[in-house]
Engineer: 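Once you've had a glance at the structure underneath, I'll fire off some questions.
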Amino acid sequence: MGWIILVGLSLLVFGGLLWLGKLPRVVYELTGAALLLGIAGYAWQGQPGMAGVSVQPAEQANSFDDSTVGSRNEMGERFGSAREWLVFSDSLNRSGKHGAAANYLRNGVKEHPEDPDLWVGLGNALVVHADGVITPAAQFAFQKAADISPEHPGPPFFLGLAFAQSGKIDQARAIWSELLERAPENATWKVDLESRLAALEKMQPSLPTPPETPPSN
């Protein structure tokens with residue numbers, strides 16, 4: 001099929017040059033020779049039977065979890081300067097542009113370095129960019145948010161979530177357990193945290209405390 005198309009296009013081009021260009025005999029002989037040379041080159045190196053290759057986009061929307069947006073909203077990011085930055089970053093992540101989302105929030109924390117919600121958002125974006133794996137840069141962002149606002153539940157919650165996604169269940173359990181202990185009774189996010197801790201227990205039950213060895217006489 002490829003050869004038929006090639007020869008047909010060559011004849012079409014040659015005929016068009018003769019009809020529209022009104023070329024003299026010497027010129028169309030050279031033109032015909034050039035077309036034949038092109039066909040010969042294709043016959044030598046072309047592989048019309050080779051299957052096509054599907055090129056995947058560099059980034060895909062496969063590691064962004066929209067449920068984290070709801071959790072983030074419950075923990076303080078409903079108003080203030082962080083919202084517009086985080087909403088746009090979320091849209092970039094949904095379209096698979098994870099690197100752009102992280103870079104956008106890097107600019108956000110440069111402009112608002114004392115906003116803990118932006119630092120939490122940056123940590124989350126870096127985890128998504130790393131396909132769910134927590135990185136030193138993400139840990140730094142979460143810690144920076146905690147340093148700015150020690151009572152903010154967002155930094156430990158999302159740090160624990162990043163550890164859980166990375167398979168570091170013990171670290172996630174320890175962070176979330178401590179957060180649950182100091183959670184206000186009326187906190188809207190407390191039920192969600194309790195269910196996540198219960199899910200961790202099903203995945204990897206905590207080790208029982210070994211019995212104390214009685215003192216030897």
Side-chain angles (χ1 to χ4, degrees), residues 62-83 85-87 89-90 93-94 98 101-102 105-106 108-109 112-215:
N62 60 354
S63 58
F64 177 70
D65 185 0
D66 250 317
S67 67
T68 61
V69 176
S71 299
R72 197 180 63 206
N73 288 340
E74 289 184 348
M75 295 186 178
E77 178 275 305
R78 293 185 180 180
F79 308 101
S81 59
R83 180 171 177 77
W85 290 90
L86 294 169
V87 168
S89 173
D90 292 341
N93 271 321
R94 289 188 186 98
H98 305 320
L105 287 180
R106 285 191 181 97
V109 297
H112 304 281
E114 298 303 314
D115 191 318
D117 289 318
L118 277 178
W119 282 104
V120 169
L122 176 58
N124 288 332
L126 291 170
V127 172
V128 172
H129 186 39
D131 202 18
V133 177
I134 188 168
T135 62
Q139 285 187 260
F140 174 82
F142 291 129
Q143 185 59 54
K144 181 70 174 179
D147 292 341
I148 294 171
S149 182
E151 299 303 315
H152 194 321
F157 177 84
F158 286 105
L159 177 59
L161 182 61
F163 276 129
Q165 291 173 339
S166 300
K168 299 177 179 180
I169 305 301
D170 290 337
Q171 291 94 321
R173 182 192 291 115
I175 292 171
W176 280 351
S177 296
E178 191 276 333
L179 176 60
L180 185 61
E181 287 178 1
R182 64 181 177 89
E185 287 298 325
N186 60 347
T188 57
W189 45 266
K190 187 175 179 181
V191 174
D192 179 40
L193 182 59
E194 289 172 338
S195 66
R196 291 177 185 269
L197 268 170
L200 286 187
E201 291 297 333
K202 292 180 181 178
M203 293 171 56
Q204 183 177 321
S206 48
L207 296 175
T209 304
E212 293 185 3
T213 304

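These numbers come from the heavy atoms of this one structure, side chains and all, not from hydrogens, waters or symmetry mates. Bear in mind that the values here come from a model prediction, so they are computed numbers and not experimental data. Heads up: numbering here begins at 1 and tracks the sequence.
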Engineer: Could you walk me through whether Trp176 and Phe157 satisfy the ring pair (Phe, Tyr, Trp, His ring centres under 6.0 Å) test, starting with their C-alpha distance in whole Å, then the side-chain angles of each, then the deciding distance to 0.1 Å, before giving a yes or no?
Structural biologist: CA-CA 6 Å; Trp176 280 351; Phe157 177 84; 5.7 Å; yes

Engineer: Would you say the side chain of Leu161 lies within less than 4.5 Å of the side chain of Arg196, judging by non-hydrogen atoms?
Structural biologist: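 Yes. Closest side-chain heavy atoms under 4.5 Å.
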
Engineer: Gly132 and Ser166: which non-hydrogen atoms are nearest, and at how many Å?
Structural biologist: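 Heavy-atom minimum between the residues: O-OG, 3.4 Å.
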
Engineer: Any chance you could lay out the side-chain hydrogen bond (donor to acceptor under 3.5 Å, both in side chains) test for His98 and Asp131, step after step, and finish with the verdict?
Structural biologist: CA-CA 9 Å; His98 305 320; Asp131 202 18; over 6 Å; no

Engineer: Between CG of Asn124 and CG of Leu159, what distance do you get to the nearest 0.5 Å?
Structural biologist: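 CG of Leu159 is found 10.0 Å from CG of Asn124.
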
Engineer: What closest approach, in Å, do Leu86 and Gly121 show between heavy atoms, and which atom pair accounts for it?
Structural biologist: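 In this case the closest contact between Leu86 and Gly121 is CD2-CA, 3.6 Å.
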
Engineer: Considering non-hydrogen atoms only, spot the tightest contact between His152 and Arg182 and give its length.
Structural biologist: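 For His152 versus Arg182, the nearest heavy atoms are O-NH2, 4.1 Å.
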
Engineer: Once side-chain contact (heavy atoms from CB on, under 4.5 Å) is applied, do any residues pair with Pro184, and if so which ones, sequence neighbours excluded?
Structural biologist: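 In terms of side-chain contact (heavy atoms from CB on, under 4.5 Å), with neighbours along the sequence ignored, Pro184 is linked to Asn186, Ala187, Trp189.
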
Engineer: List for me each residue that meets side chain to side chain donor-acceptor pair (under 3.5 Å) alongside Gln139, sequence neighbours excluded, and say none if there are none.
Structural biologist: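 Side chain to side chain donor-acceptor pair (under 3.5 Å) check on Gln139 returns nothing, list empty.
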
Engineer: If you compare all heavy atoms of Ala125 against all heavy atoms of Leu105, which two are closest, and at what distance to 0.1 Å?
Structural biologist: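 Ala125 and Leu105 have their closest heavy atoms at CB-CD1, 4.0 Å.
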
Engineer: Quick check for you: to the nearest 0.5 Å, what is the distance between Asp117 atom CG and His112 atom NE2?
Structural biologist: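 These two atoms lie 12.0 Å from each other.
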
Engineer: Under the 3.5 angstrom rule, does the side chain of Ser177 hit a backbone N or O of Ala174 as a donor-acceptor pair?
Structural biologist: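 Pair absent, no side-chain N/O of Ser177 close to backbone of Ala174.
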
Engineer: To the nearest 0.5 Å, how far apart are CD in Gln143 and CD1 in Ile148?
Structural biologist: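 So the gap between those two atoms works out to 10.5 Å.
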
Engineer: Could you tell me whether Lys144 and Asp147 make a salt bridge, using a distance below 4.0 angstrom between a side-chain N and a carboxylate O?
Structural biologist: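 No, no charged N to carboxylate O under 4.0 Å.
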
Engineer: Write down the atom of Val120, the atom of Ala145, and the distance for their closest heavy-atom approach.
Structural biologist: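 In terms of heavy atoms, the two residues are closest at CG2-CB, 3.7 Å.
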
Engineer: Can you see which heavy atom on Ala164 is nearest to which on Ala172, and at what distance?
Structural biologist: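 What the structure gives for the nearest pair is N-CB, 3.7 Å.
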
Engineer: Within this structure, what is the CG-CD distance for the pair Leu180 and Glu178, rounded to the nearest 0.5 Å?
Structural biologist: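 With rounding to 0.5 Å, CG (Leu180) is 10.0 Å from CD (Glu178).
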
Engineer: Could you give the distance from CD (Gln171) to CD1 (Ile134), rounded to the nearest 0.5 Å?
Structural biologist: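 It comes to 9.0 Å.
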
Engineer: Out of curiosity, Leu179 CG to Glu181 CD, how far, rounded to the nearest 0.5 Å?
Structural biologist: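 Output value for this atom pair is 9.5 Å.
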
